[in-house]
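The chains referred to below are lettered A, B, ... by the order of the sequence lines, with proteins before strands, and numbering in each begins at 1.
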Amino acid sequence: MSKVRTRFAPSPTGVLHIGSIRTALFCWLYARRHGGQFILRIEDTDRERSKPEHIDAILDGLAWLGIDADEGPYYQSQRMDQYNAVVERWLDEGKAYRCYCSKEELEAMREAQKAAGEHVRYDGRCRHLEEPKPGIEPVVRFRNPLDGEVVVEDLVRGRVVFENAQLDDLIIARSDGSPTYNFTVVIDDYDMQVTHVIRGDDHLNNTPRQINMFEALGVAPPAFAHLPMILGSDGAKLSKRHGAVDIRDYREQGYLPEAVLNYLVRLGWSHGDQEIFCVDEMTALFDIADVNQSASQFNPEKLLWLNQQYIIATPADRLGDELGKQLGAIGLDADDGPDPADVAEGYRERAQTLREMAEKARYCYEDDCEVDGKQAKKHLRPVILEPLKDVREKLAALDDWSESAINNAIHDTADAFDINIGKIGQPLRIAVTGGPVSPPIDVTLKLVGRERSLARLDAAIDYITERAQGQKAS
RNA sequence: GCUCCCUUCGUCUAGUGGUUCAGGACGCCGCCCUCUCACGGCGGUAACACCGGUUCGAAUCCGGUAGGGAGUGCCA
């Protein structure tokens, strides 16, 4: 059995789509699983739409996810000589021919076919042309077999049969001489010795034509596996309006690459009831035979859940690095507050993305801390004034601003006033964070730091004092 | 229109003729834990598109219907 070789062949005509990533992942996993090679090939034969920035996006995206190629990237734009050589050879051998039909003529033909309820296809009118038509730059068409059938033994779809009579003579070289997709794919997959073509569902219809071209080349076609599509959360084709489809958006929003991979691998593939797969498990367990045949809808909530699972499981120092970047992204400076790793430790169970974590920890990195009016009204009441003053004194007296020391101080106050820890905890939290939600109060105070904590407590005490006087006055 | 593909809870899926009045996960609801919020634990909600056939027996096999999707380009 020859070594498995798969390839991911995106065209740089847009962003690196989340659906494309899933395809890349399956190709990569399959190669890794079988100890084979994974090849990256950039299909940039469309010179109009191919852009260098899109190539960068592809490379960056794959690198971020850890999907590493053993070969490539190859660029089709650099392989024109190979394509041209085959076009010439096929022309000589009669496997291809020049077609002089104008776009208008083709259009009229299609209209007529449609009107007649026929399958729309090129009717081969230039097949037997003896003489070139002067003044027209012809395209080159592949001479597809007229009859018989092409059987695709698809690894996920099973046996799919196409009639050659339904296929037509596709263009392999444009009038400017440039080769087209269906042709270059075949040449490349052969040249690069690809053994398994794993790609999106949308290519299933191209497969019989490609098999015919492998035949013309005189070589055996690779195995094919067509993956079901990924739809948006409303069942429609995935697009911008479903939120993020660009893989870079996920990095920016604070998703962990292993969470994205884990989410994607479970779209169209499963291993019993298992939900969490680290990359090593995926590569050990993945098999094309377990890929299902139906399209799946993208579910942002589940991705969020998975991301949090990974946040919970990831060591604090790495989380800290990522959180530091997120803080920067929202205009905060990690140097203006606690070590982001400590914040991550306190917030890993409280945030689904690192971006969310940064937003929630804003109060740790800014001097200003606006207290939510409603919360102040609810929790910063005169009854708590004395306990708050007391705990403020105890905290100020601490020579060690540690969680346990802070915790002791709070408990002492609670005991002294014979109140529950919650009675003092929530006002403290409001005072020090501005809101009603944060990690355990001792952790929170530790993160905010002594200076800011005391200052904010003073502000809260002033606020309550004023409020108490107002009450007395009225 | 024509060709091809698909169809289990709202969503991702398990299930490959009987051990399943269908299991897990996300979401949602409830309870527990608890200084808040989470996390965690426990419980609940909810599906075999439809109609025929094969079979002692079908979510599982076959046919049809309906619905969805892809392709039908000098795009990939």
Shortest side-chain distance from [X], nucleotide among [options]:
{"X": "Asp273(A)", "options": "U13(B), C74(B), G24(B)", "answer": "G24(B)"}
{"X": "Arg174(A)", "options": "U8(B), A25(B), A76(B)", "answer": "A76(B)"}
{"X": "Gln426(A)", "options": "A70(B), C35(B), G10(B)", "answer": "C35(B)"}
{"X": "Ser294(A)", "options": "G24(B), U7(B), C35(B)", "answer": "U7(B)"}
{"X": "Ser11(A)", "options": "C12(B), U36(B), A76(B)", "answer": "A76(B)"}
{"X": "Val437(A)", "options": "U36(B), C75(B), U11(B)", "answer": "U36(B)"}
{"X": "Arg157(A)", "options": "C5(B), G73(B), U3(B)", "answer": "C5(B)"}
{"X": "Arg266(A)", "options": "C12(B), A76(B), A70(B)", "answer": "C12(B)"}
{"X": "Leu106(A)", "options": "G71(B), C6(B), C74(B)", "answer": "C74(B)"}
{"X": "Asn206(A)", "options": "A76(B), U8(B), A70(B)", "answer": "A76(B)"}

Checklist entry - Side-chain donor or acceptor of Ser175(A) under 3.5 Å from a matching atom on the base of C74(B)? => result yes
Next on the checklist: Whether the side chain of Arg350(A) and the base of C37(B) hold a donor-acceptor pair under 3.5 Å is what I'd like checked.
Outcome noted: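 Side chain to base: pair found, below 3.5 Å.
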Checklist entry - For the ring pair Trp28(A) and Phe286(A), is the centre-to-centre distance below 6.0 Å? => result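 No, ring centres 6.0 Å or more apart.
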Next on the checklist: Measuring centre to centre across the rings, with the benzene-like ring taken for any Trp, is Phe26(A) within less than 6.0 Å of Trp269(A)?
Outcome noted: no
Checklist entry - OP1 or OP2 of A76(B) sitting under 4.0 Å from any side-chain N/O of Thr13(A)? => result no
In Watson-Crick or G-U wobble terms, both distances under 3.5 Å, what is the partner of [N]?
{"N": "C33(B)", "result": "none"}
{"N": "C74(B)", "result": "none"}
{"N": "U16(B)", "result": "none"}

Starting from [atom2] on [N], measure out to [atom1] on [X] and report it in whole angstrom.
{"X": "Asp168(A)", "N": "U3(B)", "atom1": "CG", "atom2": "P", "answer": "15 Å"}
{"X": "Arg199(A)", "N": "G71(B)", "atom1": "CZ", "atom2": "P", "answer": "13 Å"}
{"X": "Asn420(A)", "N": "C35(B)", "atom1": "CG", "atom2": "P", "answer": "8 Å"}
{"X": "Asp123(A)", "N": "U72(B)", "atom1": "CG", "atom2": "P", "answer": "18 Å"}

Next on the checklist: For Asn205(A) and Arg110(A), find the nucleotide of RNA chain B closest to each by heavy atoms; which residue's nucleotide sits nearer the 5' end?
Outcome noted: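 Closest to the 5' end, via its nearest nucleotide, is Asn205(A).
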Next on the checklist: On RNA chain B, compare the nucleotides closest to Gly422(A) and Ala351(A); which residue's is nearer the 5' end?
Outcome noted: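 The 5'-side residue here is Gly422(A).
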Pairs under 3.5 angstrom, nitrogen or oxygen only, protein versus nucleotides 40-47 of chain B, please.
unit_1, atom_1, unit_2, atom_2, d
G40(B), OP1, Gln309(A), NE2, 3.3

Checklist entry - Would you say Lys377(A) has more than 12 foreign heavy atoms packed within less than 6.0 Å of its NZ? => result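 No, not enclosed.
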Checklist entry - Under 6.0 Å from the CD atom of Glu53(A), do we count more than 12 heavy atoms belonging to anything else shown? => result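 Counting neighbours around CD of Glu53(A), more than 12 heavy atoms of other residues, nucleotides or ligands fall under 6.0 Å, so yes.
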Checklist entry - Taking atom types as modelled and ignoring hydrogens, do the side chains of Asn164(A) and Asn212(A) form a donor-acceptor contact shorter than 3.5 angstrom? => result yes
Checklist entry - With a 4.5 Å heavy-atom cut-off, do Asp169(A) and Phe142(A) have their side chains touching? => result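 Answer no - side chains too far apart.
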Next on the checklist: Taking the side chain as everything from C-beta on, heavy atoms only, tell me whether Val185(A) gets closer than 4.5 Å to Arg199(A).
Outcome noted: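 Val185(A) reaches Arg199(A) side chain to side chain.
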Next on the checklist: Using a 4.0 Å heavy-atom cut-off, does Pro439(A) contact any base of the nucleic acid, only the sugar-phosphate backbone, or nothing at all?
Outcome noted: base
Checklist entry - Counting distance only, does the side-chain N/O of Ser20(A) pair as donor-acceptor with the main-chain N or O of Leu16(A) below 3.5 Å? => result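 Between the backbone of Leu16(A) and the side chain of Ser20(A) there is no qualifying donor-acceptor contact (under 3.5 Å).
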